[in-house]
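No experiment lies behind these values; they were computed from the predicted model shown. Reckoned from all heavy atoms, side chains included, excluding hydrogens, waters and symmetry mates. Convention: sequence-line order gives letters A, B, ...; per-chain numbering from 1.
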Number of protein chains: 2
Amino acid sequence: MILSTRGRYGLKMMLELALNYGKGAMSLKDIANKQSLSDTYLEHLISPLRKNGLVNSTRGAQGGYELAKPPNEIKAGDVIRVLEGSLAPAKCVLEDEPECSNADYCATRLLYEKITESINNVIDSISLQDMVDDYYTLNNTNVKRRSENE
Amino acid sequence: MILSTRGRYGLKMMLELALNYGKGAMSLKDIANKQSLSDTYLEHLISPLRKNGLVNSTRGAQGGYELAKPPNEIKAGDVIRVLEGSLAPAKCVLEDEPECSNADYCATRLLYEKITESINNVIDSISLQDMVDDYYTLNNTNVKRRSENE
DNA sequence: TATAAATCCGAGTTTATTACTAGGAATTAA
DNA sequence: TTAATTCCTAGTAATAAACTCGGATTTATA
């Protein structure tokens, strides 16, 4: 039950945009290069993010993308849900899905509901800003550790 | 990020076996019929469950399967992990997976680790016995509700 | 105003995974 | 001995994931 590249690449893109927040638009090509991903593929991912109000775009030369809101106002869950849909482990838990005929009798569904809830708790509690902070923490720690070894 | 049929059908099978616990072996055909699933497909799922010590089999006529342990000693997580592998949302979190080259710098990985942990907490806290109890609760509630309406 | 750098859009392709089916050997109760 | 069952492996069909490609549109800038 692995997150598809949509969610994973999408999070990487958004992290990149968060790191660049306040510094103007960033082109898809730049994002793709930094993350070693295909820019033609990323197009398909950034489009829904834009349509859902998470990023703004500027067309034309020197154009690009930037976060539509400050990084602390965008949760990992916002990104994931746009690109992957809900992370529920079974269709019967999804809101828009018609209940399966034996919903009342289905004890596995209770399990799926609990899993869904716990996943949502995590992804809605972590913002892009948190990830940026983690990024710098990891980076600094690593740099320090490396120089200590030398 | 939906659980595949392996995990979902597997849980249904194990719930069926848990409901039948202590009443002798149950044939795959019976399980499949009760759950309206293909018995030839379920063969592929029960085989690893047996090899991992979750069910015992009796071959030959009148044979079948039964839980290898009481339902309260088998967690949903045991079943899911045998059939789906770990529920981690990205490969980099798996134990046996080599770390990705930028593990130290990767802020998305921290997110995946938290998701994994929260899923594991849920699936390892719910036993087949809990699901059996839920099954009867749902069933009774529903029967009562139905008769009240009539 | 021409050009190049971008976003935007949809159709198509390739690859991988999922979800099975089929056939037959081995086992065992009746 | 027969019928019911597990066990095993190979194959196939269907679906989804992961992209590529071509071209239209927009816009800064030389």
Side-chain angles (χ1 to χ4, degrees), chain A residues 1-13 16-17 20 24-68 80 82-85 87 89-91, chain B residues 1-13 16-17 20 24-68 80 82-85 87 89-91:
Chain A
M1 201 180 72
I2 257 167
L3 220 56
S4 75
T5 55
R6 289 177 65 85
R8 301 202 314 277
Y9 294 0
L11 283 168
K12 284 185 165 193
M13 268 201 296
E16 207 61 55
L17 289 176
N20 196 59
M26 192 177 181
S27 79
L28 246 201
K29 204 168 255 177
D30 285 349
I31 299 174
N33 287 342
K34 285 224 177 190
Q35 298 281 351
S36 308
L37 299 172
S38 146
D39 57 323
T40 62
Y41 184 49
L42 291 188
E43 274 188 26
H44 294 292
L45 311 188
I46 201 132
S47 168
L49 292 170
R50 179 178 57 84
K51 286 175 182 158
N52 282 274
L54 297 183
V55 306
N56 289 331
S57 66
T58 317
R59 301 188 67 173
Q62 266 31 59
Y65 299 92
E66 55 196 330
L67 295 186
I80 291 174
V82 163
L83 293 171
E84 301 265 353
L87 288 196
K91 282 188 189 162
Chain B
M1 201 180 71
I2 259 169
L3 219 56
S4 75
T5 54
R6 288 177 66 85
R8 301 204 312 280
Y9 294 179
L11 283 169
K12 285 185 167 193
M13 267 201 298
E16 206 61 56
L17 289 177
N20 197 60
M26 192 175 181
S27 79
L28 247 200
K29 203 168 254 176
D30 285 348
I31 299 175
N33 286 343
K34 284 223 177 189
Q35 299 279 353
S36 307
L37 299 172
S38 146
D39 57 324
T40 62
Y41 185 48
L42 292 189
E43 274 187 27
H44 295 291
L45 311 188
I46 201 132
S47 167
L49 292 170
R50 179 178 57 84
K51 285 173 182 159
N52 282 275
L54 297 182
V55 305
N56 289 330
S57 65
T58 317
R59 301 187 69 174
Q62 263 38 55
Y65 299 92
E66 55 195 330
L67 295 186
I80 291 173
V82 163
L83 292 170
E84 301 265 350
L87 288 195
K91 281 186 190 165

B:Ile2 atom CD1 is separated from D:dA17 atom C1', nearest whole Å, by 15 Å
Review point. At under 4.0 Å, does any side-chain N or O of A:Thr5 touch on OP1 or OP2 of D:dA18?
Key: yes
Short N/O separations, protein against nucleotides 3-7 of chain D, under 3.5 angstrom:
unit_1 : atom_1 : unit_2  : atom_2 : d
D:dA4  : N3     : B:Ala61 : N      : 3.3
D:dT6  : OP1    : B:Leu28 : N      : 2.8
D:dT6  : O2     : B:Arg59 : NH2    : 2.9
D:dC7  : OP1    : B:Arg50 : NE     : 3.4
D:dC7  : OP1    : B:Ser57 : OG     : 2.4
D:dC7  : OP2    : B:Arg50 : NE     : 3.2
D:dC7  : OP2    : B:Tyr65 : OH     : 2.8
D:dC7  : N4     : B:Glu43 : OE1    : 3.4
D:dC7  : N4     : B:Glu43 : OE2    : 3.1

Practice task
Considering just the side-chain nitrogens and oxygens of A:Tyr9, establish if one lies under 4.0 Å of OP1 or OP2 belonging to D:dA18.
Solution key: no
Here the distance between atom C1' of C:dG10 and atom OH of A:Tyr41, to the nearest Å, is 16 Å
Atom CZ of B:Arg6 and atom C1' of C:dC20 are separated, to the nearest Å, by 12 Å
In A:Thr5, A:Leu45, A:Leu11, the residue satisfying side-chain contact (heavy atoms from CB on, under 4.5 Å) with A:Leu83 is A:Leu45
With sequence neighbours left out, the residues meeting side chain to side chain contact (heavy atoms under 4.5 Å, CB included) with B:Ile2 are A:Lys91, B:Arg8
Rounded to whole Å, the CG-P distance (A:Leu49 to C:dC9) equals 14 Å
Any non-hydrogen side-chain atom of A:Met13 less than 4.5 Å from a side-chain atom of A:Leu49? yes
B:Ser57 meets the side chain to side chain donor-acceptor pair (under 3.5 Å) criterion, sequence neighbours left out, with none
Q | Min side-chain heavy-atom separation B:Lys12-B:Ile31 under 4.5 Å | A | no
Rounded to whole Å, CG of A:Leu45 lies from P of C:dC8 at a distance of 14 Å
Residue set satisfying side chain to side chain donor-acceptor pair (under 3.5 Å) with A:Glu66, at least two apart, ordered chain then number -> none
Point to revise | Base D:dT20 to side chain A:His44, donor-acceptor N/O within 3.5 Å cut-off | key: yes
- Item | Test item: A:Leu3 and A:Leu87 side chains (from C-beta on) under 4.5 Å apart, heavy atoms | yes
In whole angstroms, the gap separating P of C:dT7 from CG of A:Asn56 amounts to 14 Å
Between CD of B:Gln35 and C1' of C:dA19 the distance, given in whole Å, is 17 Å
For DNA chain D, the expected dot-bracket line (Watson-Crick or G-U under 3.5 Å, [ ] crossing, | inter-strand) is ||||||||||||||||||||||||||||||
Residues A:Leu17 and A:Tyr65: closest non-hydrogen pair is CD2-O, 3.5 Å
To the nearest angstrom, the CD1-C1' distance between A:Ile31 and C:dA6 comes to 12 Å
Across all chains, not counting sequence neighbours, the side chain to side chain donor-acceptor pair (under 3.5 Å) partners of B:Ser4 are B:Glu84
